[in-house]
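Note sheet for the following structure.
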There are 2 protein chains.
Amino acid sequence: MITTGNEKKGKEKLSLTSQRAVARLALYRRMLLHAKDDGQHTMYSHELADLIGVHSPQVRRDLMEVGYLGHPRHGYEIAGLISRLDAYFGMDQGIRMVLVGVGNLGRAILNYFVGKQSHISMEAVFDTDPTKFDRTIGGCHCYPLDQLYAIVSGKGVHIGVITVPAVQAQSVADLLVKAGVNGLVNLAPARLRVPPSVFVEDMDVTLAIEKVAYFSKMFSGDRGGK
Amino acid sequence: MITTGNEKKGKEKLSLTSQRAVARLALYRRMLLHAKDDGQHTMYSHELADLIGVHSPQVRRDLMEVGYLGHPRHGYEIAGLISRLDAYFGMDQGIRMVLVGVGNLGRAILNYFVGKQSHISMEAVFDTDPTKFDRTIGGCHCYPLDQLYAIVSGKGVHIGVITVPAVQAQSVADLLVKAGVNGLVNLAPARLRVPPSVFVEDMDVTLAIEKVAYFSKMFSGDRGGK
DNA sequence: ATATGTGAACCCATTCACAGCG
DNA sequence: CGCTGTGAATGGGTTCACATAT
């Protein structure tokens, strides 16, 4: 087990922070990176709270959870907190991922990573379309899907991103799990069945649209001008 | 006047179901559609529960919320429940949406809708790239972004889907809101500021990956070997 | 005085347990 | 009986309030 320089109190709390909390922490990190780019050195909990739309005690409690202490008069030190969050997300050791399904959606996601250097790296992409084999797409080499196990297994790849049609999603998930990933980002509108040791995050655009359909109808009780 | 955005003028009947509940209802609907395609006529709460990974009382409570009653011995009647859910999501009146940003991501989302007939229709798409103007992309006519207000306003378009780079997301959101949409699906990794009468659903792939990074690390005690 | 750290209260979503009905 | 409908209990996440530190 590798621990980085920043020591938190002896509490190596592996506790499962709630998914909501983890998402907020990722947002804090993003805002802190922006602030750092702008030359800021410290930030108050209430500033961070305003930036992502929560209350300041929420921020303080979240940061307490990751074991980073602020300064009662000056707030939180940005660079240090970013380092702490990097460690929290395992980015100090690097996160390796692969993507399966180089359609429009897959390419869109690859574009998020091309150019900008991140602690999260896309190691390879896979597809079943022979015209894509051995090409470099979005900065990544594209391999045939049936070589996935051979290429991914044992390489310490943590995350698989699934951007294939719904009908293929489960078989791709099975393949990725067999190859050793323990986290999946599933962009296909399908429900995946995976062993409990694998974490799945579903990103279902159709579902999101339906949600918005409901709430937007509700929000527009009257649509009279203002 | 300062608006805290905290005025909930909840209508008791159509009460603001929680976001989580609405997402589940959309999933129920999808599963029911599949079952109907397979020729099933009724379904039990525990079946539906298993299909989406929740407990049966949760299903019954959710369906109670939308006011659909099952039969104590035969479960829920599929066709009727689907109709009820269609009405719940406003689909019986049709949901009209537009999409802004015809990059890979935008095209991927358009592909979700091309071919399959849905109660949700994509009315038009917009971009700033002149080479795309007046072309039909994913079954939709592409207009210049600066014609958005003229084309969308007054057409009863409910939802805007934002698939532009992060830096443009806010201005596109402003435009869509001015044109009268009251629901946004935001695929850009940016935080949007909108009036409280507009519902925003963020779909942030980068955030999702970071979430999975955390939980996948946590799920795998060590990453060295097996 | 101002901002953090945190126990305690609060609130809401989920789950339980059982009444009711076919 | 089996399955639904739902009040009651549970549990987890958020907010409050205040002690603490500088």
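Each chain gets a letter, A, B and so on, in the order the sequences are listed, and its residues count up from 1. The shown structure was predicted, so the numbers you read here are calculated from the model rather than taken from an experiment.
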Seminar exercise, completed: Whichever of A/R73 and A/R61 has the more 5' nearest nucleotide on DNA chain C, that residue is A/R73

Exercise. Rounded to whole angstroms, how far apart are CE on B/M64 and C1' on C/dC21?
Worked result: 17 Å

Review item, side-chain donor-acceptor pairs of residues 31-45 of chain A, under 3.5 Å, at least two apart:
{"from": "A/Q40", "atom 1": "NE2", "to": "A/T42", "atom 2": "O", "distance (Å)": "3.3"}
{"from": "A/S45", "atom 1": "OG", "to": "A/R60", "atom 2": "NH1", "distance (Å)": "3.3"}

Exercise. Under the criterion side-chain contact (heavy atoms from CB on, under 4.5 Å), which of A/V185, A/I162, A/L184 is the partner of A/V200?
Worked result: A/L184

For this session: Just say parallel, tilted or perpendicular for the rings of A/F89 and B/Y214, cut-offs at 30° and 60°.
Result: perpendicular

Seminar exercise, completed: Rounded to whole Å, CG of A/L69 lies from P of D/dT22 at a distance of 11 Å

Exercise. Distance check: side-chain N/O of A/Q58 vs OP1/OP2 of D/dT15, anything under 4.0 Å?
Worked result: yes

Exercise. Got a sec? Which of residues 33-56 of chain B come in under 4.0 Å of DNA chain C, heavy atoms?
Worked result: B/H55

Exercise. Is there side-chain contact between B/V161 and B/M97, with at least one heavy-atom pair below 4.5 Å?
Worked result: yes

Problem set entry | Atom pair distance, as rounded to whole Å: OH in A/Y76 and P in C/dT4 | 5 Å

Exercise. Within less than 4.0 Å of OP1 or OP2 of C/dA13, is there a side-chain N or O belonging to B/R24?
Worked result: no

Exercise. Using a cut-off of 4.0 Å on non-hydrogen atoms, how would the nucleic acid contact of B/L63 be classed: base, sugar-phosphate, or nothing?
Worked result: nothing

Exercise. Taking for each residue the nucleotide of DNA chain D with the nearest heavy atom, is it A/R60 or B/P57 whose nucleotide lies nearer the 5' end?
Worked result: B/P57

Problem set entry | DNA chain D: 5'-proximal contact among A/Q19 and A/H71 (nearest heavy atom) | A/Q19

For this session: Determine whether A/L69 and A/M64 make a side-chain contact, defined as any pair of heavy atoms from C-beta on separated by less than 4.5 Å.
Result: no

Problem set entry | Counterpart residues, side chain to side chain contact (heavy atoms under 4.5 Å, CB included), relative to B/S197 (two or more places apart) | B/P195

